[in-house]
Amino acid sequence: MSRELTDQEVQRHQSRTWLLENGFQPYGYAWDVTHQATEIPALFDAAYPEGTEEDPAEARKVKVSVAGRMMTQRIMGKAAFFNLHDETGKIQVYIRRDDLPEGYYNEVFKKRYDLGDIVGVSGFVFRTKTGELSIHAERLELLTKTLRPLPIVKETEEKSYGGLEDKELRYRQRYADLAIHPEVREVFRKRSQLISAMRRFLDANGCLEVETPALQPIYGGAAARPFTTHHNALDMQLFMRISDELYLKRLIVGGYDRVYEIAKNFRNEGLSRFHNPEFTMMEVYVAYQDYQWMMDFVEQMIRYIATELHGKPEVKVGDHQISFTEPFKRVTMFEAIAQKTGHNLYGKTRDEIAEVAKQLHIEVDASMGSGKLIDEIFGAYVEHTLIQPTFITDYPVELSPLAKRHRNDPNLVERFELICNGKEICNAFSELNDPIDQRERFESQTRLKSGGDDEAMMMDEDYLRALELGMPPTAGLGVGIDRLAMIMTNQDSIRDVILFPLLRPEVTH
RNA sequence: GAUCCCGUAGCUCAGCCGGUAGAGCAACUGCCUUUUAAGCAGUGGGUCACAGGUUCGAAUCCUGUCGGGAUCACCA
């Protein structure tokens with residue numbers, strides 16, 4: 001594939017060739033980085049206590065060596081300034097013709113360096129006339145020649161200019177987005193910190209991190225359509241996991257009392273600002289506990305994570321200040337619906353509930369059971385109104401084929417979801433460990449499947465065999481990491497918390 | 001999958017009641033040894049997403065395609 005180069009690219013290619021032909025390495029091997037940009041002010045302040053900064057005898061004593069991209073430059077004849085951006089921030093560099101080897105400033109720096117190039121600088125730290133802390137370069141080396149122009153961001157105190165606004169380019173060329181937008185790098189740094197905080201919390205609570213198959217012969221653990229693939233050597237159909245739930249519970253049967261996995265799940269469904277076909281889910285299973293215990297556990301975990309990320313158990317999301325401080329509200333699904341719609345559906349028959357749904361302008365068709373209807377009403381009238389973290393508890397049994405029946409009502413299960421900023425971020429239940437009940441639930445799922453519900457679960461005989469060996473009472477929890485990351489980083493699209501979101505293939509004309 | 005909006009220079013955008021493309025930054029050539037959106041003088045750069053149609057003439061109007069965004073539906 002060949003492509004017409006733009007004039008700026010042609011010039012950069014020519015510079016690369018010139019450098020090679022004149023004994024300069026356009027792609028260096030290493031640079032001894034002693035400091036990062038944001039460390040330099042403190043270093044300088046420590047070296048020059050009040051009043052000693054102006055003393056000429058004291059000058060040139062703070063030596064640093066840094067590396068990064070040259071992002072803006074101001075050339076003034078025989079001297080120049082540029083801003084060097086590294087992972088942590090930026091620092092201004094001052095270079096003078098007479099400090100560099102003969103000819104380097106005019107022939108190499110001025111003619112062959114371009115914005116975006118990665119350079120190494122070493123020298124001493126000083127303060128310019130206008131007060132900006134800068135590095136007076138004693139050595140300057142080109143470490144990586146860029147062959148394409150990088151969008152340059154210029155900024156004043158109040159405003160920044162340029163940058164990449166095109167969402168498509170930012171997602172497709174995330175490297176460019178990250179390279180020029182420190183705030184985007186910060187979002188993904190926060191995501192990483194979120195996951196490591198979660199891991200610390202789980203580890204500290206005696207949970208064992210495990211790995212289970214992503215390629216599964218039988219998929220299960222959620223209601224979703226899978227991706228299908230094929231193993232050649234075994235000539236076998238495999239599914240990309242939609243959940244790791246059934247494997248983790250096998251490990252509980254095996255005698256590990258607390259296990260968790262941070263897993264990529266794959267669901268063959270539509271894309272939206274809340275859905276990416278592959279997404280990250282943390283699931284944890286704790287033996288000898290129930291969903292009430294799990295509510296306390298997840299509440300502590302979320303509070304811990306928020307505090308680790310923001311220094312306090314609060315976060316601003318859009319126009320809302322969300323607090324994880326107080327005990328989270330706990331409301332049953334029926335109470336929540338009654339509060340928002342005025343209809344108490346508890347104990348009502350399927351047809352009575354369908355009548356209410358119609359009054360509430362929800363499309364009802366004959367295949368919808370009472371559980372489905374209740375879920376629809378909840379989705380339409382309640383979920384988006386729950387901004388502060390709220391536990392919704394006690395779901396209809398037909399929505400939850402892997403959850404244990406409620407101890408006080410066999411039509412319900414002991415399940416909760418944590419809703420925050422109008423979206424579900426956790427789902428948990430007391431795990432069903434009666435193999436006979438589980439078999440019946442699978443069978444009713446199988447009937448749904450043959451009735452055309454392609455999201456219904458498959459019968460999993462091996463999982464039933466495991467339950468027949470005895471699984472202790474267990475509480476299980478799933479946390480949507482991407483959704484949680486959206487809240488913790490104040491992003492309103494899942495694509496802004498996934499480094500490389502799925503897009504249609506790029507077409508080149 | 002449905003509806004609406006968007007696609008113009010490397011980047012950000014203007015032009016869109018039809019007359020053959022513009023600005024700022026970036027680039028190039030000069031001048032300038034403490035600038036900071038550096039400045040001053042000059043120069044180049046576009047199959048206006050793609051393909052058709054209407055028209056004497058289309059970036060502009062119409063149709064289709066591709067890509068993206070938003071909303072809706074299913075799901076976390």
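What's counted below: heavy atoms across the whole structure, side chains too, no hydrogens, waters or symmetry copies. So that the names make sense, note that chain A is the first sequence line, chain B the second, and so on, each numbered from 1.
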Notebook entry, point to check: For B/G68, does either OP1 or OP2 sit under 4.0 Å from a side-chain N or O belonging to A/R172?
Noted result: yes
Next item on the list: Could you check whether A/L115 gets within reach of a base, just the sugar-phosphate, or nothing at all, counting any heavy atom under 4.0 Å?
Entry: sugar-phosphate
Check: Of all the choices, B/A38, B/C28, B/U33, which nucleotide is nearest to the side chain of A/R74 once you look at every atom?
Finding: B/A38
Margin query: Taking any heavy-atom pair under 4.0 Å as a contact, classify A/Q8: base, sugar-phosphate, or nothing.
Written below: base
Margin query: We want to know whether A/N106 and A/R97 form a side-chain donor-acceptor pair, criterion being a heavy-atom distance below 3.5 angstrom.
Written below: no
Next item on the list: Please state whether the phosphate of B/C31, meaning OP1 or OP2, lies under 4.0 angstrom from any side-chain nitrogen or oxygen of A/K78.
Entry: no
Checklist line | A/T128, nearest nucleotide to its side chain (from B/G69, B/U34, B/A27) | finding: B/U34
Check: With rounding to whole Å, what would you report as the distance between B/C50 and B/G7 at their C1' atoms?
Finding: 11 Å
Check: What does A/G77 touch in the nucleic acid at a heavy-atom separation under 4.0 angstrom: a base, only the sugar-phosphate, or nothing?
Finding: base
Note to self: To the closest 0.5 Å, what do you measure between CZ (A/R170) and CG (A/L178)?
What the structure shows: 9.5 Å
Check: Is A/E155 side chain donor-acceptor paired with the B/A37 base, going by distance under 3.5 Å alone?
Finding: no
Checklist line | Gap in Å between the two P atoms, one belonging to B/C56 and one to B/G46, rounded | finding: 30 Å
Checklist line | Which nucleotide in B/A37, B/U33, B/U12 has an atom nearest any side-chain atom of A/K154 | finding: B/A37
Next item on the list: State which of B/U33, B/G69, B/G10 makes the closest approach to the side chain of A/D98.
Entry: B/U33
Next item on the list: Just call it for A/E376: base, sugar-phosphate, or nothing, with non-hydrogen atoms closer than 4.0 Å on any strand.
Entry: sugar-phosphate
Next item on the list: Classify the nucleic acid contact of A/L503 as base, sugar-phosphate or nothing, counting any heavy atom under 4.0 Å across all strands shown.
Entry: sugar-phosphate
Next item on the list: May I ask you to say what A/N427 touches in the nucleic acid, namely base, sugar-phosphate or nothing, with a heavy-atom cut-off under 4.0 Å?
Entry: nothing
Next item on the list: Remember a base hit wins even if backbone is also touched, and classify A/L169 as base, sugar-phosphate or nothing at under 4.0 Å, heavy atoms.
Entry: sugar-phosphate
Notebook entry, point to check: With respect to the side chain of A/E168, which nucleotide from B/G68, B/U12, B/U35 is positioned closest?
Noted result: B/G68
Check: Within the structure shown, what part of the strands sits under 4.0 Å from A/K90 by heavy-atom distance: base, sugar-phosphate, or nothing?
Finding: nothing
Note to self: Within this structure, what is the CD1-CE distance for the pair A/I494 and A/M486, rounded to the nearest 0.5 Å?
What the structure shows: 6.0 Å
Check: When you compare B/A37 with B/G24, how far apart are their C1' atoms, in angstrom units rounded to a whole number?
Finding: 10 Å
Notebook entry, point to check: Does B/G69 have OP1 or OP2 sitting under 4.0 Å from an N or O in the side chain of A/R495?
Noted result: yes
Margin query: On RNA chain B, compare the nucleotides closest to A/T156 and A/K110; which residue's is nearer the 5' end?
Written below: A/K110
Notebook entry, point to check: What's the CZ-C1' distance between A/R504 and B/U65, to the nearest Å?
Noted result: 12 Å
Note to self: What's A/L164 touching, base or sugar-phosphate or nothing? Going by heavy atoms closer than 4.0 Å.
What the structure shows: sugar-phosphate
Next item on the list: Go through A/F82 and A/L140 one step at a time and tell me if the side chain to side chain contact (heavy atoms under 4.5 Å, CB included) criterion holds.
Entry: CA-CA 12 Å; A/F82 63 82; A/L140 172 68; 4.1 Å; yes
Next item on the list: Among the candidates B/A70, B/C74, B/U12, find the nucleotide nearest to the side-chain atoms of A/S493.
Entry: B/A70
Next item on the list: Report which part of the nucleic acid A/G163 touches: base, sugar-phosphate, or nothing (heavy-atom distance under 4.0 Å, all strands).
Entry: sugar-phosphate
Notebook entry, point to check: Do A/Y285 and A/E283 have side-chain N/O donor and acceptor atoms under 3.5 Å apart?
Noted result: yes
Margin query: Looking only at the side chain of A/E165 (C-beta and beyond, no hydrogens), which of the listed nucleotides B/U34, B/C13, B/G69 gets closest?
Written below: B/C13
Checklist line | N or O in side chain of A/R148 less than 4.0 angstrom from B/G10 OP1/OP2 | finding: no
Item checked: Gap in Å between the two C1' atoms, one belonging to B/A38 and one to B/C31, rounded -> 14 Å
Note to self: Over all strands shown, is A/N276 touching base, sugar-phosphate only, or nothing at heavy-atom distances under 4.0 angstrom?
What the structure shows: base
Check: Under 4.0 Å: is that the gap between some side-chain N or O of A/R273 and OP1 or OP2 of B/U71?
Finding: yes
Note to self: Using the P atom as the point on both nucleotides, what is the distance between B/G45 and B/A9, in whole Å?
What the structure shows: 15 Å
Next item on the list: Assess the side chains of A/N83 and A/R74: does a donor N or O sit below 3.5 Å from an acceptor N or O?
Entry: yes
Notebook entry, point to check: Taking for each residue the nucleotide of RNA chain B bearing the nearest heavy atom, is the 5' side occupied by A/G480 or by A/F126?
Noted result: A/F126
Note to self: Applying a 4.0 Å non-hydrogen cut-off, can you work out what A/Q92 is touching in the nucleic acid: base, sugar-phosphate, or nothing?
What the structure shows: base
Notebook entry, point to check: Out of curiosity, A/I322 CD1 to A/M488 CE, how far, rounded to the nearest 0.5 Å?
Noted result: 8.5 Å
Note to self: Please report the distance separating the C1' of B/U55 from the corresponding atom of B/U63, rounded so that it comes out in whole Å.
What the structure shows: 16 Å
